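In what follows, every chain begins at residue 1, and chains take the letters A, B, ... in the order their sequences are listed. This structure is a prediction, so every number in the text was calculated from the model and none was measured.
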Protein chains: 2
Amino acid sequence: MSNNGGERDPALVQSVDRAVAVLELLARNGEAGITEIAAELGVHKSSASRLVYTLQARDLVEQDGERGPFRIGIGMLRFAGAVTGQLDYVRVGGPVCSELADRLGETVNIAVLDSGVALNVSQARGSSAVAAQNWVGQRTPLHATSSGKVLLAAASEEDQERVLAGDLESCAPRTITDPVKLRYVLRRTAEDGFATCMEELEAGLHAVAVPVFGSHGDVVAAISAAGPAYRLSQKRMPEIVEELRLASRDLSVRMGHPV
Amino acid sequence: MSNNGGERDPALVQSVDRAVAVLELLARNGEAGITEIAAELGVHKSSASRLVYTLQARDLVEQDGERGPFRIGIGMLRFAGAVTGQLDYVRVGGPVCSELADRLGETVNIAVLDSGVALNVSQARGSSAVAAQNWVGQRTPLHATSSGKVLLAAASEEDQERVLAGDLESCAPRTITDPVKLRYVLRRTAEDGFATCMEELEAGLHAVAVPVFGSHGDVVAAISAAGPAYRLSQKRMPEIVEELRLASRDLSVRMGHPV
DNA sequence: CCCTCCGTTGCGTATTACGGAACATGGTGT
DNA sequence: ACACCATGTTCCGTAATACGCAACGGAGGG
């Protein structure tokens, strides 16, 4: 289902591309066996085995003992560190997320705009027992998330129109797929300074987001809180937005952007 | 210098192995051009170009504009998230690091043993203004760091001897390069329950570390504090070691290893 | 104890990636 | 202004390389 639609860029190095696909699969599933990987990529078991073996030799993939499912390995942290070296949201954002997550009891995320999607760069789980998945590194559509709306509302006219003209994929029953309605929502978002997302990405999931400002008053990121619909009710929003605003200001300051 | 010594495991997928080497180079250097990458890997420019292009298509590598040096891309965060999902030191360690860093005013790190080196998995900066670099994901030699000594002192006899017999590279003027002296230091470390590192990794940098214990009383990680030599004086050590021990116990408990 | 499921190993083939050289494209120095 | 250098990309022929196949070895499960 996630396979290459048919055309493959011939300039790509096939095995490298497949290896990355393996990593993506593992990142998505948490863990997987060779057979499962092979099936998912549409390659033979032996090919999958070789790819995994190579990644394992470089510590990018590891398995429990001698014989068990494979998962992303510790060696990956080396590269993660190299990213954070340039992207401060991760390093600075961590504590801010944690603090707010503790206070709200909900999952808090920081996302940035990256080539047409919202990319989550930092996350802290709320104290609640409700299983919250890990969104870090995940790309989420701009039109179906609270962070995405905030980022898009602050983007240039052209960028907005490009998204509006594109495919507004329906992720959940209440996803906004009508460009006209989305344009209205974006205007509201810019005015209000926050965006909500009520079961538009996943059924039963609510979220709110506010912008994070850079030194020139431009929006550089969004910080959001997400949780089950029954807990993030409409009437609790003002309180949460206020908390998010405080965290956003804190984040701006910590990043060296005095307000 | 970092090339394959000569023999290459024929079971490895060559292009994948090279692609990972590219990523490692970028993680190490921060950034690099195609020519430099090709030279370092010992491959032709065109090969390097293809590899980078493939990685770029998957967002694992990015460049400033259209024409600039390459660096590790944001897409790498996806995998980093997957690691933290299973490796609890990162998630659980974050708050512990932060708290201790605040209290000490110094940089605090958590490191684990990973294939012959100390791998930093979590870090929190102290409040001090002194610029502290980001060590997360960095591999540091076991013989030239406080964390490394702690981890090595708890390792098996064979592992210790392997390091002692290996190349004790000199990182700074006071790095311990004498196997005999290092063996003595390791014994002292095991007895004392902590290790120091006085300008052995970098001139002007001091550090102290204590072990973190797992459920079976085994050493699973090390937690360390690092800072400029003039601030981490010898006579301040006992106080810091005590703080580190508290944090270590806290960490053990949070990871579900009651003492 | 057999059967099934999973992962690895050899092997032959042709797909695939590699290296060479020519080609673009800026940046630089005279 | 021009030539020159350095960097990265494209094209192409070759053979090295990774792939798929099938058989093998090991663990669990019935």
Side-chain angles (χ1 to χ4, degrees), chain A residues 2-26 29-73, chain B residues 2-26 29-73:
Chain A
S2 74
N3 226 343
N4 46 4
E7 290 311 285
R8 186 178 73 84
D9 186 344
L12 289 174
V13 178
Q14 189 186 56
S15 33
V16 173
D17 199 52
R18 286 178 173 174
V20 179
V22 169
L23 292 174
E24 293 191 338
L25 173 63
L26 291 179
N29 280 20
E31 55 178 42
I34 292 288
T35 309
E36 186 182 352
I37 294 172
E40 192 81 18
L41 297 201
V43 300
H44 197 265
K45 283 194 301 178
S46 64
S47 304
S49 178
R50 290 276 172 72
L51 290 174
V52 170
Y53 177 77
T54 305
L55 293 171
Q56 200 175 15
R58 292 283 196 168
D59 273 331
L60 300 190
V61 159
E62 64 189 14
Q63 58 184 329
D64 270 323
E66 186 73 21
R67 176 177 308 272
F70 296 87
R71 51 189 150 94
I72 300 288
Chain B
S2 74
N3 226 339
N4 46 4
E7 290 310 285
R8 187 178 73 82
D9 186 344
L12 288 174
V13 178
Q14 190 186 54
S15 34
V16 173
D17 198 51
R18 286 178 173 175
V20 179
V22 169
L23 293 174
E24 293 192 339
L25 173 63
L26 291 178
N29 281 19
E31 54 179 42
I34 292 287
T35 310
E36 186 182 350
I37 293 172
E40 191 82 18
L41 297 201
V43 300
H44 197 266
K45 283 194 301 177
S46 63
S47 305
S49 179
R50 289 278 177 70
L51 291 174
V52 170
Y53 176 77
T54 305
L55 293 171
Q56 200 175 14
R58 293 283 196 169
D59 274 330
L60 300 190
V61 160
E62 63 188 14
Q63 60 184 330
D64 270 323
E66 186 73 21
R67 177 177 307 273
F70 297 87
R71 50 188 151 94
I72 300 288

Peer 1: Mark yes or no for whether B:Thr54, through its side chain, and B:Arg50, through its backbone, hold a donor-acceptor pair below 3.5 Å.
Peer 2: yes
Peer 1: For A:Ile34 and D:dG20, what is the distance between atoms CD1 and P respectively, to the nearest whole Å?
Peer 2: 13 Å
Peer 1: Nearest 0.5 angstrom please: A:Ile72 CD1 to A:Glu24 CD, how far?
Peer 2: 9.5 Å
Peer 1: May I ask you to evaluate whether B:Arg18 reaches the phosphate of C:dC18, defined as a side-chain N or O under 4.0 Å from OP1 or OP2?
Peer 2: yes
Peer 1: Would you please confirm or rule out a distance under 4.0 Å between OP1 or OP2 of D:dA18 and any side-chain N or O of B:Ser15?
Peer 2: yes
Peer 1: Roughly, in whole Å, what's the span from CG in A:Leu41 to C1' in C:dG7?
Peer 2: 16 Å
Peer 1: Does a side-chain N or O from A:Ser47 land closer than 4.0 Å to OP1 or OP2 of D:dA18, or not?
Peer 2: no
Peer 1: To the nearest angstrom, how far is B:Lys45 atom NZ from D:dA6 atom C1'?
Peer 2: 8 Å
Peer 1: If you find the nucleotide of DNA chain C closest to A:Ala32 and the one closest to B:Ala48, which residue's nucleotide is nearer the 5' end?
Peer 2: A:Ala32
Peer 1: Spell out yes or no: do the side chain of A:Ser46 and the base of D:dG20 have one donor N/O and one acceptor N/O closer than 3.5 Å?
Peer 2: yes
Peer 1: Check the pair B:Phe70, B:Ile34 against side-chain contact (heavy atoms from CB on, under 4.5 Å), reporting the backbone distance first and the verdict last.
Peer 2: CA-CA 8 Å; B:Phe70 297 87; B:Ile34 292 287; 3.6 Å; yes
Peer 1: Just how far is it from atom OH of B:Tyr53 to atom CG of A:Asp17, taken to the nearest 0.5 Å?
Peer 2: 10.0 Å
